[in-house]
Protein chains: 2
Amino acid sequence: MATIRDVAKRAGVSVSTASLALNGRPLVSEETRRRVLQAARELDYHPNAVAKSLADGRTRVLALFIPVTLEHLFSSAGFFGGLLKGMHRAALQRGYHLSLHVVESEEETAERVRTIVRSKRSDGLIITNPTVHPPYLGELRRAAIPVVFVGRPEESDFPYVDNDNVEVGRLGARQLAAAGHKRIAFLNGPNRFTFSRDRLEGYRRGLLEYGLPFDEDLVWSSDLTEEHAYSTVVAALASGLAFSAIFCASDIQAVGALRALRGHGLSVPENVAVLAVNNTALTRYYQPPIATIDLHEEKLGYLSVEMLLRQIEGGVSAAAGADWQARVPSSLVIRESCGCAPEDPERNPGEGGESG
Amino acid sequence: MATIRDVAKRAGVSVSTASLALNGRPLVSEETRRRVLQAARELDYHPNAVAKSLADGRTRVLALFIPVTLEHLFSSAGFFGGLLKGMHRAALQRGYHLSLHVVESEEETAERVRTIVRSKRSDGLIITNPTVHPPYLGELRRAAIPVVFVGRPEESDFPYVDNDNVEVGRLGARQLAAAGHKRIAFLNGPNRFTFSRDRLEGYRRGLLEYGLPFDEDLVWSSDLTEEHAYSTVVAALASGLAFSAIFCASDIQAVGALRALRGHGLSVPENVAVLAVNNTALTRYYQPPIATIDLHEEKLGYLSVEMLLRQIEGGVSAAAGADWQARVPSSLVIRESCGCAPEDPERNPGEGGESG
DNA sequence: CCCCGAAATCGAACCGGTTCGATTCGCGGC
DNA sequence: GCCGCGAATCGAACCGGTTCGATTTCGGGG
């Protein structure tokens, strides 16, 4: 395989001139550049990426961390697929590559982050689905390496892209309230995720805006699995709680909820309306089709890479207190399970407030 | 950041000795090794992966190609998720990393393969879901780089891991035939994939073994999408063809088929039995739960990496005519939609043959 | 006591690029 | 005709490891 020295020799110039010419730098005469490029073409020369990295200290590799408990991988496969597509598109456009790091716990994330940072295997990190207080924040800060989170760790000034999950919660609650439901249950995700906390806050606000009381008994939390969601709803039904709608934090939980309701002789949407979040393929094809909130994960992925590259190419490290953030809007996807038309955007539900 | 020269200096030895000591090579006295390791620890030294790659010519990166048409990404998200998990596990164990290359067409694959090979960005390639005659085989052969396919390209001596898709087809046909069905339709995938051809062959054999005639009219082909499967089955129903079971090449197609059947007033499994392939989350939670064939994709992923590493570390290139292959067995997952118990493994269906 | 060979260590070259400081070249101005 | 300057080119150092051939050290045998 031809190296730059071969090219230089054939073009009759020095190695340094060849390098300048090949990289389109100024200070090379047109005639020389032409000769160098010609030689490169003739020798089928292609620069060695590793040598380049060593020389200029840039790997052009972005490390992507995806957490998987097995059930999570399956339940969110569609979500991660979309995320990935967006990231890949953004990276490719700018000549970057993605390396993939599947991790099963935050401790493992911490460990792998450490080895990657130390061995200088990538120019920056993208960490998806952080919990509220990830254990590796100190490590990241010390390393002073560009990072972007997909999802928001609490009380950290690291850059992140995320949906506005308060808005997601609010959207869901309002949609069901607008359809006339007075007792709307919220089957939330685990509390260790920031998105769960944010959505709960949004749910609360949405109810308030429609003058509905916030009832703690109607807020349930379950893992992001069908099984756990099922048993949670079964328990709620057994306790005799009254409600006419369930807002679920993920599609897979909605499926569990639907099974529980059916098992209890309740039909959807006639007896209970159901609204989910994620818009994975599942919901479109389910019977009944499940209304859900689309998080536009491909956009999320695209923006995360863009933000990371801004840091890398701007020479700014995430630890430098760059508190950039991007919020991706989410949108309702109305389907049969919620038994309702989209909330009329014109409608003003009233004053809300404590008096509700 | 400390380099190996810093370590050598602090330990009072030459750089070369430090390198030997750090890599656990023989020919270094115990005393010296101790001192070097001690120095490394004190300086918090971690070798630079890029420098290492340049020096020894090994990147320790495996390039993974995943094709995505958008619909495919969604319909097979579970499948790729499992594949990925297996690959990652195998790679991690041996100190390798995965780089991810999402491609939308075989032409794009060809192009990206070329740039990766040329820039020496990875030690080997894993290419998933090749078509029957991928356009980049020549490129691969010329590059003489280790490659493993996940899925079998026809008439190529490149190494691959795959399910035994003839067996998958046979399994499906036999299962339905054993339940007493005489007219079993096969909603196959696109003919450009080797797995489609193999499954068709298996389906034919399965029927034969039960003495059932092979009827071309009962073999339909559709894209791996819900929509296309739906319209294909709708057309079949409209044509008045008689059949009492459908064997679908993927879960997502089964969902489309179910919708078409329901729309035609047929219920599953009472009027028509349905059996699918893939065992994605979808099938478990669908109503009715969909019987399917599990392809054990995690194992497929694990084996593909193992096979690739065997080539890399054995110094054998895929183009050297190494016709290794691994077949991963598949297993039936019986659920309501097929309206039947597992085929009795004891049962011998008879002589089969033309006379059936 | 000297020589020889094996073990331990070292120095230098190398991997394939980039970059910086020095050098050469051509040209205009005085 | 000489000086100075900017443009073009060059040589060498550098990135941070590995490896190979040469050199030193040490112990044992003659």
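Letters go in sequence order (proteins before strands), and every chain restarts at 1. What's counted below: heavy atoms across the whole structure, side chains too, no hydrogens, waters or symmetry copies.
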CA sep, side-chain torsions, deciding dist, call: Val13(B), Arg35(B), side chain to side chain contact (heavy atoms under 4.5 Å, CB included): CA-CA 9 Å; Val13(B) 299; Arg35(B) 280 220 317 287; 3.6 Å; yes

Expected output: side-chain Thr128(A) to main-chain Val150(A) donor-acceptor under 3.5 Å: no

Under-3.5 Å donor-acceptor pair between Ser14(B) side chain and dG11(C) base: no

Nearest-angstrom distance from the residue atom CG of Leu27(B) to C1' of dA6(C): 10 Å

Proximity to DNA chain C (any heavy atom under 4.0 Å), residues of residues 43-61 of chain B only: Leu54(B), Ala55(B)

Atom-to-atom span, CG of Leu22(B) to C1' of dT18(D) - whole angstrom: 12 Å

Nucleotide nearest Thr32(A) (side chain, heavy atoms from C-beta), chosen from dT19(D), dT9(D), dC10(D): dT9(D)

Length of the NZ-P vector between Lys120(A) and dG17(D), whole Å: 8 Å

Nucleotide nearest Arg5(A) when distance is taken to its side chain, options dA8(C), dT19(C), dG16(C): dG16(C)

Value in whole Å for how far the P atom of dG26(C) lies from CD of Glu31(A): 14 Å

Euclidean distance, atom CD1 of residue Ile4(A) to atom P of dC10(D) [Å, nearest integer]: 13 Å

Check: Val113(B) main-chain N/O paired with Glu139(B) side-chain donor or acceptor under 3.5 Å: no

Whole-Å gap separating P (dG16(D)) and CZ (Arg118(A)): 17 Å

Between dA8(C) (P) and Arg25(B) (CZ): distance, integer Å: 15 Å

Check: Ser16(A) side chain, dG11(D) base, donor-acceptor under 3.5 Å: yes

Sugar-phosphate only, base, or nothing, as touched by Arg33(B) at under 4.0 Å among non-hydrogen atoms: nothing

NZ/NE/NH1/NH2 to OD/OE distance under 4.0 Å, Glu30(B) and Arg34(B): no

Atom-pair distance (CZ on Arg34(A); C1' on dA8(D)), nearest Å: 17 Å

Residues Glu297(A) and Lys85(A) bridged, charged N to O under 4.0 Å: no

Upstream residue (5' side of DNA chain C) when Val28(B) and Val15(A) are each assigned their closest nucleotide: Val28(B)

Check: Glu108(A)/Tyr136(A) side-chain N/O donor and acceptor closer than 3.5 Å: no

Inter-residue atom distance Ser122(A).OG - Ile145(A).CD1, 0.5 Å rounding: 5.0 Å

Touch class at under 4.0 angstrom, heavy-atom based, for Ser19(B) against every strand present: base

